[in-house]
Amino acid sequence: MKRVVDTTFEGAEKVKAQAADVLEEAARKLREMSITAKGEELKAVLDDASEKIERLRAEVGHKVEPVEGFIKEHPLMSIAIAAGAGALAGALLARRD
C-alpha cells in the first residue's frame with residue numbers, strides 16, 4: 001500500500017510541475033505577442049495549452065487508478081489509514097501552536 005501511495009504522490013507532484021510549466025509557457029507566449037495579435041494567434045496558444053492540460057489530466061487519471069482499486073478492494077483498511085493519517089496530521093499541527 002505504501003508503495004502505491006508513494007508512487008501516486010510522486011506522480012501527482014510531477015503532473016503538478018508539468019501543469020505549472022504548461023501554464024507558464026502559455027503565459028510567456030501571450031506576453032511575447034504584440035497587443036495587436038490576431039485572434040487566431042491567441043486561439044492557437046490557448047488551444048496548445050488546453051491540449052497539454054488534457055494530456056496531463058489523462059495521465060493523472062492513470063496514476064490514480066491503482067489507489068482507487070486498493071480502496072475498492074480494502075475499504076476498511078483505507079478508512080483506517082485515512083483516519084491514522086488525519087490523527088497524525090492533527091497531532092503535528094496541534095504541536096505547532
Side-chain angles (χ1 to χ4, degrees):
M1 173 60 190
K2 182 178 182 335
R3 184 180 56 81
V4 171
V5 171
D6 289 345
T7 302
T8 301
F9 181 75
E10 289 170 7
E13 288 296 317
K14 185 188 296 185
V15 169
K16 183 174 105 176
Q18 290 172 336
D21 291 343
V22 167
L23 295 174
E24 285 177 15
E25 179 185 350
R28 180 187 53 77
K29 286 179 181 178
L30 290 172
R31 281 192 303 271
E32 289 174 356
M33 287 184 171
S34 67
I35 293 176
T36 60
K38 297 178 185 169
E40 296 87 28
E41 292 172 339
L42 293 173
K43 185 176 182 327
V45 169
L46 295 175
D47 286 345
D48 181 52
S50 179
E51 287 175 22
K52 290 178 181 177
I53 293 293
E54 283 302 317
R55 275 188 262 132
L56 290 172
R57 189 174 289 154
E59 186 178 326
V60 167
H62 293 297
K63 293 187 184 298
V64 170
E65 287 173 3
V67 174
E68 288 178 341
F70 180 86
I71 291 170
K72 288 178 183 176
E73 292 174 17
H74 310 286
L76 294 178
M77 187 185 298
S78 300
I79 291 170
I81 291 169
L88 179 61
L92 292 173
L93 291 173
R95 280 180 125 194
R96 291 178 69 183
D97 291 339

Nearest 0.5 Å, what's the [atom1]-[atom2] distance between [X] and [Y]?
{"X": "E73", "Y": "S78", "atom1": "CD", "atom2": "OG", "result": "9.5 Å"}
{"X": "D47", "Y": "K52", "atom1": "CG", "atom2": "NZ", "result": "12.0 Å"}
{"X": "L76", "Y": "I81", "atom1": "CG", "atom2": "CD1", "result": "11.0 Å"}

**Q.** Non-hydrogen side-chain atoms of R55 and Q18 separated by less than 4.5 Å
**A.**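 They are not in contact (no side-chain heavy atoms under 4.5 Å apart), so the answer is no.
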Q. When you measure from the side chain of S50 to the backbone N and O of L46, does any donor-acceptor pair fall under 3.5 Å?
A.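 No.
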Q. Given the rule that I, L, V, M, F, W and Y join up when any side-chain heavy atoms are under 4.5 Å apart, are I79 and I71 in one cluster?
A.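 No, I79 does not connect to I71 through the hydrophobic network.
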